[in-house]
Amino acid sequence: MKQVYRAEDEPVSSRADYWQHVVDRTAVPMDVRPEDPPSGAASSPEPSGLPRVTEVTDGPGEAIRTTLHVRRSPMDMYQLFVQVRGQTVAEQDGRQARLKPGDLSLADLSRPFRCTHRARRAVCVTFRTR
């Protein structure tokens, strides 16, 4: 069953916490830092396992996966990221990729990363190798 989450359905005062919960539940745990009150939407199957496909539409902001997040997760996870609209700058292991519509990236979720973005739409496929 597909779940749809919309930040704008929440009161402005609790939107940031709600959006953090949505990202943790539908993608992988990371710190999300929207520039404005979140106005994003995510659709994903009920997150009961992997692989998981999540479509995200959100405003400008930043997402950071720290070593603390990594330590709390399985070590054999990856995420394929497809930029549909807008632009994202992804950084991992000292390398940087500027993603525009149609671009793909692959992140090793066993290592920290950082993404900054303007308003965008993207599809994330999170999976394990074992």
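Index from 1, following the sequence. Because the structure is predicted, anything quoted here is derived from the model rather than measured.
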Q.
Nearest 0.5 angstrom please: R95 CZ to S105 OG, how far?
A. 11.5 Å
Q) Out of curiosity, does L80 fall in the hydrophobic cluster containing V28 (side-chain heavy atoms, cut-off under 4.5 Å, transitive links)? A) no
Q | Inter-residue atom distance R72.CZ - T67.OG1, 0.5 Å rounding | A | 10.0 Å
**Q.** Member of T54, T126, D108 meeting the side chain to side chain donor-acceptor pair (under 3.5 Å) criterion with Q79
**A.** T126
Q) Are F113 and L99 linked, directly or through other ILVMFWY residues, by side chains that come within less than 4.5 angstrom of each other? A) no
Q. Between P112 and Q92, what is the shortest heavy-atom contact and its length?
A. O-CG, 3.2 Å
Q. Is a donor on one side and an acceptor on the other found under 3.5 Å between the side chain of Q20 and the backbone of V32?
A. yes
(Q) Between the side chains of E91 and R114, is the shortest nitrogen-to-carboxylate-oxygen separation below 4.0 Å, so that they form an ion pair? (A) yes
Q: Working to the nearest 0.5 Å, report the span between CZ of F81 and CG of L106.
A: 12.5 Å
Q: Would you indicate whether the side-chain heavy atoms of R98 and Q83 approach each other to under 4.5 Å?
A: no
**Q.** Verify same cluster id: V125, V84 (apolar side-chain graph, 4.5 Å)
**A.** yes
Q.
Do M77 and V56 sit in one hydrophobic cluster, given that two such residues count as connected whenever their side-chain heavy atoms are within less than 4.5 Å of each other, even indirectly?
A. yes
Q) Which pair of non-hydrogen atoms, one from V70 and one from R111, has the smallest distance, and what is that distance? A) CG2-C, 3.8 Å
Q: If the plane angle is over 60° it's perpendicular, under 30° parallel, otherwise tilted; pick one for Y18 and Y5.
A: tilted
Q) Are the side chain of H117 and the backbone N or O of G59 linked by a donor-acceptor pair below 3.5 Å? A) yes
Q: Measure the spacing between CG of D31 and CD1 of I64 and express it to the nearest 0.5 Å.
A: 6.5 Å
Q: Give a yes or no on whether V53 and L104 share a hydrophobic cluster (residues Ile, Leu, Val, Met, Phe, Trp, Tyr; joining criterion: side-chain heavy atoms under 4.5 Å apart).
A: yes
Q: Please report the closest heavy-atom contact between R85 and T57, naming both atoms and the distance.
A: NH2-CG2, 3.6 Å
**Q.** Expected output: side-chain D103 to main-chain K100 donor-acceptor under 3.5 Å
**A.** yes
**Q.** Contact summary for R6 and V4, nearest pair of heavy atoms
**A.** NH1-CG1, 3.4 Å
(Q) Return the NE2 to OG1 distance between H21 and T26, rounded to the nearest 0.5 Å. (A) 9.0 Å
Q) Regarding E62 and T116, is there a side-chain donor-to-acceptor distance under 3.5 Å anywhere? A) no
Q) What are the two closest heavy atoms between W19 and A42, and how far apart are they? A) CH2-N, 3.9 Å
Q: For R15 and E10, indicate whether the former's side chain and the latter's backbone hold a donor-acceptor pair under 3.5 Å.
A: yes
(Q) Rounded at 0.5 Å granularity, tell me how far CZ in R71 sits from OG in S110. (A) 13.0 Å
Q: Might you point out which heavy atoms bring R65 and P29 nearest each other, and give the distance in Å?
A: NH1-O, 2.7 Å
